[in-house]
Structure formats: C-alpha cells, structure tokens
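The block underneath contains the structure these notes are about, expressed in structure tokens.
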Amino acid sequence: MTLAELLEHLSQQKISISVRGDKLVVRGLEADISNSNLIRLLREQKEAIIEWIRKEGLTGIGIGSKSNIERGIPAGCEAITPEMLPLVELSQAEIDGIVACVAGGAANIQDIYPLAPLQEGVLFHHLMGGEGDAYLLSSLMAFDGRARLDGFVVALLAVIHRHDLLRTAVMWEGLAQPVQVVWRRAPVTIQEIELDPEAGDAAEQLRARFDARHTRLDVRQAPLLRVLVAHDKARDRWLLLLLHHHLVMDHTTLEVLRTEVQAHVLGRAAELPAPIPFRHFVAQARLGANAADHEAFFRGMLGDVEEPTTPFGLVDVRGDGTDIEEARHALDLSLSRRLRERARALGVSAASLFHLAWGVVVARTSGRRDAVFGTVLFGRMQSGAGVGRAIGMFINTLPLRVEVSEKGVEASARRVHALLAELLQHEHASLALAQRCSAVPAPAPLFSSLLNYRYSAGNSAESVVAWEGIELLSAEERTNYPVVLSVDDLGEGFALTAQTLARIGAQRLC
C-alpha cells in the first residue's frame with residue numbers, strides 16, 4: 001500500500017493521526033486501530049508519514065479529512081496557487097510561468113508535481129542531446145486497411161484520455177527543479193505523410209524520415225507522442241509510426257497501453273479498471289525516500305570502487321544512439337528450461353542467473369575481477385495494489401556490483417540473488433546518489449553497460465482477434481549507454497536483445 005493509499009484508508013476508517021515529538025499518535029475506534037495489519041502498515045510508513053505531515057506544516061490529519069496528497073487543482077480553476085500543489089514547492093511566479101506555457105492556461109492544468117528518479121536522468125540526456133534523442137522510441141505497424149488503422153487511432157486516443165501521464169509535459173525553464181505538468185486535454189498530432197513509391201520500401205522510408213538520430217519531440221508540450229500515417233501503395237496497406245518519449249513510457253507501460261487499446265478495439269473498454277494516477281507513485285518515491293539508508297547501502301556496495309567498469313573500453317555514456325546496432329537471439333527452449341531448473345534448485349530467480357552471467361561478461365570485457373553495471377528495476381514492487389496495470393515511468397536504473405571470484409557459480413548466484421533483493425529496497429533511490437557513494441572521481445561514469453531483465457506477455461486468443469489485420473513491423477528502444485543487453489522472460493523461454501557499437505558487434509554480445 002502506498003503512502004497516499006494508506007492516508008486515504010485512515011480517512012475512510014475515521015482514524016486520525018498526529019505527531020508528538022518523534023511519535024505517531026493514532027485515534028479512532030479501538031476495533032479499528034487495534035487491527036494488526038493496520039498497525040504493521042503504520043510502523044512501516046511511520047517515518048514517511050511524520051516527514052509528510054511536517055512538510056505540509058500540519059499537526060496531523062483529522063477524522064474524515066481529505067489528505068493533502070489527494071488534494072489537487074479543482075476542475076475549471078482559473079488561478080493555481082502553491083497550496084494546490086502538495087508534492088512540489090513552487091513560488092507563485094514559477095506557477096504563473098508554467099501556466100503561460102500551457103495551451104488553455106490554468107483551466108487546462110490537472111496537476112503539477114516533480115519527476116520520478118529515472119525521469120530526471122532521461123531529461124538530462126534529452127537536454128544534452130543535439131540533433132537526435134536517444135530516448136525517443138518508436139513502434140511501426142502495418143494495417144490491412146484504412147478503416148482498421150482509424151479504429152486503432154480512435155482506441156489510442158481514448159487510452160490517452162484515460163491516463164494522466166499520457167497527457168503530461170515536462171518543464172524546467174525558469175524553475176528551481178523540473179516538474180511534470182498534467183494537461184486535462186492534450187490533442188495528439190496525427191500527420192499524414194506522402195511517400196514516394198519509386199524511392200524504395202515504404203516502411204523503410206517512413207522509419208528513416210523520423211529516425212531518432214535526427215528527430216526530437218518538444219517535451220514541453222503534451223502529449224509526448226506523435227502519430228505518423230502513410231499509405232504503402234506497393235503493398236496496398238497503411239503504415240502507422242508511433243513516436244513516444246521514454247520520459248513517460250517504460251516497457252511495461254507499452255504492454256498496458258497495448259492491452260487497453262485491445263479492450264477498446266474489442267468493445268470492452270467498460271471492463272477496464274479505474275486508472276491509477278501517476279502522482280501516487282511520485283508521492284511514494286519522494287515522501288517515502290530515506291536518503292541516509294540509500295547512502296549507507298550504496299557506500300557498502302560501492303565505497304571501494306575506484307575505477308569505472310567500461311566493457312571494451314567504451315566510456316561515453318552520453319550517446320544519442322548513433323552507430324548503435326541491434327541483434328536478437330532466442331535461447332533454445334531446452335536451455336531455457338535447464339536455466340529455470342537450476343535456478344529453482346539453487347533457490348534463486350532466473351533473473352539472478354542472468355545478472356551473474358552478465359557480470360561475468362562485463363568483468364571479462366573490462367579486464368576486472370568484479371563488475372559494476374546498471375540494472376533496470378521494475379519500480380512497481382513497492383508501489384501499491386494495481387500498479388502492475390498502471391501507465392507510468394516506474395522503472396529506475398541503479399548500479400549492481402558482481403564479484404567474479406573463485407567461490408563458484410552456486411555461491412555467486414546466491415550472492416547476486418541476495419544483493420538484488422537488497423537493491424529492490426532502494427529502487428526509488430536516484431542514480432546520482434548511488435554514483436556519489438563510489439570512489440570513482442567525477443565526472444567519470446561508474447559504469448557504461450546496462451542489463452534490462454523484463455517480463456514480456458504472450459499473445460492470448462483474445463489478443464489474436466483484436467490484432468487481426470495489424471502487424472508490428474518494428475519497435476525501437478535506445479538508451480545513452482554504449483553496451484546494453486535486454487533479457488525478455490517469456491514465461492518459459494528467454495530472448496536476448498543486444499545493442500552496442502557496430503565495431504563491437506551486437507550478435508557477439510548475445
């Protein structure tokens with residue numbers, strides 16, 4: 001349960017809380033406040049609740065009151081004030097500057113709050129980029145007719161209207177800290193492109209014209225996605241290129257987006273659960289953070305690391321995806337089954353085995369006995385009920401140190417498994433904080449490689465019906481790191497996707 005959900009639960013149960021010194025004082029009916037589950041939740045969230053109450057300048061939260069976390073900008077509001085923004089500290093002048101940049105002004109602003117940890121890193125690389133943007137992602141689809149394409153677009157627009165993060169812009173100019181601004185109405189740019197039938201394959205033409213290496217989105221304007229449509233005359237089909245920014249979408253978000261579009265296409269939109277506001281996650285990450293605990297953990301893991309871990313000597317971690325090649329490789333099903341069997345026998349996860357294997361690769365190609373690399377954390381493990389179906393940028397990238405010693409595979413696998421479990425307790429820490437805990441002198445990077453272990457859903461019979469006549473031609477994801485391996489856990493099998501400089505060789509990494 002998130003902090004916001006807990007506070008709302010207390011309000012519904014007519015339980016009040018206040019702060020006295022460093023203690024929480026809880027008042028309500030004895031039957032309610034003696035509930036063991038509630039007592040456990042209050043103990044777990046005690047520090048975060050006290051910090052939040054003090055931050056808001058309150059003495060407590062009264063019976064039946066609406067928590068400040070849930071307070072927001074009322075619909076039709078013509079003047080936004082600092083008191084309406086409990087998750088961020090902005091002056092009236094800063095708020096007025098934001099309002100002036102939003103089409104429709106204050107009446108079109110639903111919320112303003114800070115960025116999540118990984119969003120801050122993505123924004124940094126966006127601002128450092130030149131002609132292109134490593135975090136502008138794309139999906140190219142083919143449709144067997146214009147009517148089917150139009151139906152898909154209508155479903156997509158309905159999903160965007162449902163979710164706050166899909167109507168979000170990011171602003172930083174003239175502000176002490178970057179913020180994300182949720183628009184109430186965010187029209188999607190749908191552009192029809194004329195392709196030359198004599199200039200080669202239509203799909204390749206469309207991809208090349210809007211390649212992320214020379215295309216950027218203005219992230220100050222919501223939504224952070226764009227739809228390009230073109231007729232492929234040679235194959236008598238329609239193409240749709242969806243450009244979307246990593247600031248508002250992670251891999252799981254794309255899966256949720258696909259599921260919701262599917263529900264609309266099948267006429268089952270009414271069965272979709274109520275959307276979960278992304279602000280709940282931001283509140284959890286911000287108000288539940290314990291910087292001292294994060295620092296102690298990362299100093300223990302990284303304090304004696306004095307040099308960057310750079311496979312193949314690749315140091316530049318500010319790339320824009322130029323000269324990066326990609327290779328995919330599906331693991332043999334018998335190998336996949338053996339990996340799962342060994343993981344169960346060792347009492348570890350398959351993810352732990354892949355982290356250990358990647359640690360060995362990184363150590364060998366870096367000339368080190370141990371390896372530090374970035375691992376992408378799911379970010380949804382401690383974010384409350386229903387968050388698995390939420391739209392949002394939940395993931396975070398944090399360092400993991402794998403020691404390649406002579407202790408043997410079994411002991412090493414168990415050590416990595418335990419370390420990953422510890423790391424999950426700090427999944428909302430910032431990468432900048434983690435890097436400062438090492439002895440690597442700035443501005444050198446702590447690591448230059450990344451492992452992204454992710455769970456990918458298979459196709460159901462219902463999905464096959466919904467996507468009849470639609471073919472996914474390509475989906476491109478990039479990062480600023482020069483060496484990246486993604487592992488797709490398909491339930492039974494595994495698939496690898498490697499990205500690195502062409503001179504290194506992506507297939508070689510697989």
Side-chain angles (χ1 to χ4, degrees), residues 101 115-141 160 165-173 175 178-181 183 186 188-191 193 204-228 240-254 257 314-326 374 376 391-397 431-432 445 448-450 452 473-484 486 497-502 506:
C101 296
L115 274 62
L118 188 62
Q119 285 180 307
E120 293 176 339
V122 171
L123 177 62
F124 170 79
H125 289 287
H126 170 78
L127 296 177
M128 292 294 292
E131 181 185 3
D133 188 340
Y135 286 101
L136 178 60
L137 315 178
S138 66
S139 300
L140 180 62
M141 291 168 279
I160 291 170
L165 201 65
L166 299 182
R167 292 177 278 105
T168 292
V170 177
M171 296 186 179
W172 62 90
E173 295 163 315
L175 303 176
V179 296
Q180 43 196 334
V181 183
W183 293 22
V188 179
T189 298
I190 302 174
Q191 184 178 355
I193 307 297
E204 289 300 325
Q205 284 188 58
L206 190 58
R207 248 193 307 255
R209 188 179 298 190
F210 297 96
D211 192 298
R213 294 167 183 83
H214 54 72
T215 302
R216 291 174 69 83
L217 289 184
D218 184 353
V219 301
R220 298 168 298 181
Q221 300 294 313
L224 302 193
L225 51 85
R226 187 175 171 192
V227 176
L228 296 310
L240 183 147
L241 180 66
L242 177 65
L243 300 180
H244 47 95
H245 207 281
H246 200 35
L247 273 165
V248 295
M249 286 196 190
D250 60 19
H251 185 76
T252 303
T253 288
L254 284 174
L257 182 72
L314 300 177
V315 181
D316 184 12
V317 294
R318 295 186 180 178
D320 62 359
T322 303
D323 297 328
I324 293 290
E325 73 168 17
E326 181 174 287
V376 179
I391 293 280
M393 182 59 168
F394 291 89
I395 62 173
N396 195 10
T397 297
L431 178 57
S448 65
S449 66
L450 197 66
N452 185 3
L473 300 179
S474 66
E476 189 170 89
E477 299 179 40
R478 291 281 185 265
T479 79
N480 54 288
Y481 293 98
V483 182
V484 178
S486 296
T497 302
Q499 294 175 336
T500 190
L501 297 182

So, using salt bridge (charged side-chain N to carboxylate O under 4.0 Å, His left out) as the criterion, who are the partners of [X] when residues are at least two apart?
X: R207; answer: E204
X: D211; answer: R213
X: R216; answer: none

When rounded to the nearest 0.5 angstrom, what distance separates CG in L228 from CG in L240?
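CG of L240 is found 8.0 Å from CG of L228.
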* Sub-4.5 Å side-chain heavy-atom contact between L243 and L136 -> yes
Are P223 and L166 side-chain neighbours, meaning at least one heavy-atom pair lies under 4.5 Å?
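Answer no - side chains too far apart.
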Side chain to side chain donor-acceptor pair (under 3.5 Å) against Q205, all qualifying residues, sequence neighbours excluded =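 Q205 satisfies side chain to side chain donor-acceptor pair (under 3.5 Å) with no other residue.
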query = Which residues satisfy the side chain to side chain donor-acceptor pair (under 3.5 Å) test with Y135, sequence neighbours excluded?
reply =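 Y135: side chain to side chain donor-acceptor pair (under 3.5 Å) contacts with N480.
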Original post:
Just by modelled atom types, is the A208 backbone N or O under 3.5 Å from a matching donor or acceptor in the H214 side chain?
Top reply: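 Checking the backbone N and O of A208 against the side chain of H214, a donor-acceptor pair under 3.5 Å is found.
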T500 (side chain) donor-acceptor with P482 (main chain) under 3.5 angstrom: yes
Considering all heavy atoms, the nearest V179-L115 contact: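 For V179 versus L115, the nearest heavy atoms are C-CD1, 3.5 Å.
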*asked:* Tell me the closest heavy-atom pair linking Q221 and W183, and the distance in Å.
replied: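 Result for this residue pair: OE1-CH2, 3.3 Å.
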Taken in chain and number order and not counting sequence neighbours, the residues that satisfy ring pair (Phe, Tyr, Trp, His ring centres under 6.0 Å) with H244 are none
